[in-house]
Amino acid sequence: MSRLTIRHETRYAYEHAVAFGPHELLLRPRGGHALRVVKGSLTFSPRGETRWRYDAYGNCVCQLTPLEEAAEFLVVSELEIERFPAPLAPQEVDDPHTATPIVYPANDRAVLGPYVEPATDDPEGVLLRWLHGQAPEVGEPALDYVLRLNRAIHDAFEYQARYEEGVQAPFETVARRSGTCRDFAWLMVEVLRRLGFAARFVSGYLHSPGLDGVRGAGATHAWCEVFLPAFGWMDFDPTNALAEAAALIPVAVSRTPAEAAPISGAIIGVPGESRMEVKVDVRLCPPLASAA
C-alpha cells in the first residue's frame, strides 16, 4: 500500500470580467478495492455554491456554481489517497471467451453494448487501413492482443503535449502520427471497439517517479479501460505502454472523452483574450515519524 498526495490546480484568466454558469468538476478519484480517498479539500474563487452527486457512470461529480463575476476562475483540489497496487501477473485462463475474436456472455453484452459501438467516423478509411496492420490473429488470447496493441500505439506515435482543450479524432491521430495522452487513449478505445471489444475512456492522474521515459506527467492523464471475460475492466495506458499499473489513478470513466473532462461549464459575457493553466503534482506522502 502506498499513500499519495495529489494537488490539482486549474486557473482560467480572462481579459474582462465574466459571469459563470454551473460548472461540473470531475476531480475526486474513483474509490474501490484498489484505491481509497483518505481526505480531500476543494477551494475555488470566486465564491460559489457546491453540490455533490454521482453521474450515470458512477463518477463523483461536484457541481460548482460561482456567484460573482470575475476576471479569473481558480479551482484547487487537494487529496490524500491510499493506493493498493495489484500488478498484472501471468494467469492461466481456460475460458474460450478470452481468445479473439472476443465474445461476451449475454448478461455482459446487455451492459457493455454502449462501450462496443464506435463513437467516431473514419471518412477516408485511414483508421481502418492502420487497423489492418494491427489485427489480432484468430485464437490469440485477448489479453495478449490488447497488450500488443497498447505497445504498438506507444511505439508508433510521437507524443506531443497540447494544452488546448479537445481530443483528436482517431483517424487524425493516425494521419498525424502524433498526439497527446488523451488522443492515444481515444485511438485505442475506438480501435478496440471496431474489433468487438468493450472499451471506455479514463481520465485521472499519473504517479511518475521511478518510471523511465514517462510521458504525460505534470497534468491530468488519460488511458483506456477494456473489459475482458474472466478479468473484468482492466487499465491500459498506450502513452506509456503501461497495463494495470499502480501509477494510474482513475478519476472518471466515460464512453467519450468529452464526458470525462475534469472541468466543464459555461461563462457569460465577452471575456476577450483568455488563457488556461493546469498544474498537477502527485507525490508520495512523507513517512510517519517513528514514535519516541
Side-chain angles (χ1 to χ4, degrees), residues 3-31 35-83 161-167 180-182 201-208 216-222 248-254 256-285:
R3 183 170 288 212
L4 304 170
T5 61
I6 303 168
R7 189 179 192 277
H8 180 176
E9 176 182 315
T10 305
R11 186 186 305 269
Y12 298 87
Y14 307 102
E15 186 178 1
H16 307 295
V18 295
F20 301 90
H23 280 63
E24 290 196 344
L25 314 180
L26 286 168
L27 302 173
R28 184 180 176 89
R30 292 171 63 89
L35 187 153
R36 184 172 76 91
V37 177
V38 178
K39 60 183 178 181
S41 67
L42 181 69
T43 56
F44 45 85
S45 176
R47 69 184 184 91
E49 296 176 343
T50 60
R51 182 173 68 87
W52 292 85
R53 62 181 176 82
Y54 289 100
D55 67 10
Y57 297 106
N59 302 318
C60 188
V61 182
C62 176
Q63 182 172 302
L64 168 61
T65 305
L67 300 176
E68 300 171 341
E69 293 189 0
E72 182 178 83
F73 180 36
L74 174 67
V75 178
V76 179
S77 171
E78 295 183 283
L79 296 154
E80 186 174 315
I81 68 167
E82 289 179 343
R83 193 76 167 93
R162 188 178 71 251
Y163 300 103
E164 297 83 1
E165 295 179 336
V167 179
T180 67
C181 60
R182 57 190 186 273
F201 185 88
V202 190
S203 67
Y205 303 113
L206 176 66
H207 181 229
S208 60
T220 53
H221 195 53
L248 301 173
I249 303 166
V251 171
V253 300
S254 62
T256 66
E259 298 167 285
I263 299 179
S264 59
I267 59 173
I268 304 164
V270 182
E273 292 187 9
S274 62
R275 67 181 187 276
M276 178 184 70
E277 183 179 9
V278 178
K279 298 177 182 178
V280 174
D281 182 56
V282 182
R283 62 182 61 192
L284 284 171
C285 289

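Positions are given from 1, in the same order as the sequence printed here. Worth saying up front: this structure is predicted, and the values here are computed from it rather than measured.
When each of I6, T5, V282, V38 is paired with L79, the side-chain contact (heavy atoms from CB on, under 4.5 Å) condition holds for I6 and for no other. E80 pairs in a salt bridge (charged side-chain N to carboxylate O under 4.0 Å, His left out) with only one of the listed residues (R7, R36, K39), which is K39.
A pairwise comparison of heavy atoms in H23 and I263 identifies CD2-CG2, 4.1 Å as the closest pair. Taking both residues in full, the closest heavy atoms of I268 and G21 are given as CD1-N, 4.2 Å, listed atom of the first, atom of the second, then distance. Closest approach of E72 and F20 over heavy atoms only: O-CZ, 4.4 Å. Considering all non-hydrogen atoms of both residues, A260 and S203 come closest at O-OG, 3.1 Å. Contact detail for P262 and H8: the closest heavy-atom pair is CB-CE1, 4.2 Å. Between L35 and P29 the shortest heavy-atom distance is CD2-CB, 3.8 Å.
Surrounding CZ of R283 are at most 12 heavy atoms belonging to other residues, nucleotides or ligands under 6.0 Å away.
The CZ atom of F44 lies 5.0 Å from the CG atom of L64; values are rounded to the nearest 0.5 Å. Taking OH from Y12 and OG from S274, the interatomic distance works out to 10.0 Å, rounded to the nearest 0.5 Å. To the nearest 0.5 Å, atoms CG (L26) and OG (S264) are separated by 7.0 Å. Atom CZ of R3 and atom CD of E82 lie 4.0 Å apart (nearest 0.5 Å). Within the model, atoms OG of S254 and CZ of F201 stand 6.5 Å from one another, a figure rounded to the nearest 0.5 Å. The structure places CG of L74 at 10.0 Å from CD of E277, a figure rounded to the nearest 0.5 Å.
Salt bridge R275/E273: absent, no basic N to carboxylate O contact under 4.0 Å.
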>> Using the rule given for side chain to side chain contact (heavy atoms under 4.5 Å, CB included), can you reason through Y205 versus D281, listing the C-alpha separation, both sets of side-chain angles and the distance that settles it, and then say yes or no?
In response: CA-CA 9 Å; Y205 303 113; D281 182 56; over 6 Å; no

>> Walk me through whether L248 and L206 qualify under side chain to side chain contact (heavy atoms under 4.5 Å, CB included).
In response: CA-CA 5 Å; L248 301 173; L206 176 66; 3.9 Å; yes

> Run the salt bridge (charged side-chain N to carboxylate O under 4.0 Å, His left out) check on E49 and R51 step by step: do they pass?
Replying inline: CA-CA 7 Å; E49 296 176 343; R51 182 173 68 87; over 6 Å; no

> Can you check side chain to side chain donor-acceptor pair (under 3.5 Å) on Y57 and E259, steps first, answer last?
Replying inline: CA-CA 10 Å; Y57 297 106; E259 298 167 285; 2.8 Å; yes

>> Set out, in order, the CA-CA distance, both residues' side-chain angles and the distance that settles side chain to side chain contact (heavy atoms under 4.5 Å, CB included) for I267 and Y14, then state yes or no.
In response: CA-CA 10 Å; I267 59 173; Y14 307 102; 3.7 Å; yes

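Under the 4.5 Å side-chain criterion, counting only non-hydrogen atoms from C-beta, V251 is not in contact with R28. Counting only heavy atoms from C-beta outward, the side chains of P46 and F73 approach each other to under 4.5 Å. Two residues are said to be in side-chain contact when any heavy atoms from C-beta on lie closer than 4.5 Å; L25 and L42 meet this criterion. At a threshold of 4.5 Å between non-hydrogen side-chain atoms, the residues L27 and V75 count as touching.
For T10 (side chain) and V278 (main-chain N/O), no donor-acceptor pair under 3.5 Å exists by modelled atom type. At least one donor-acceptor pair closer than 3.5 Å links the side chain of N59 to the backbone N or O of V253. The closest donor-acceptor contact from the side chain of R182 to the backbone of H221 lies at 3.5 Å or more, if one exists at all.
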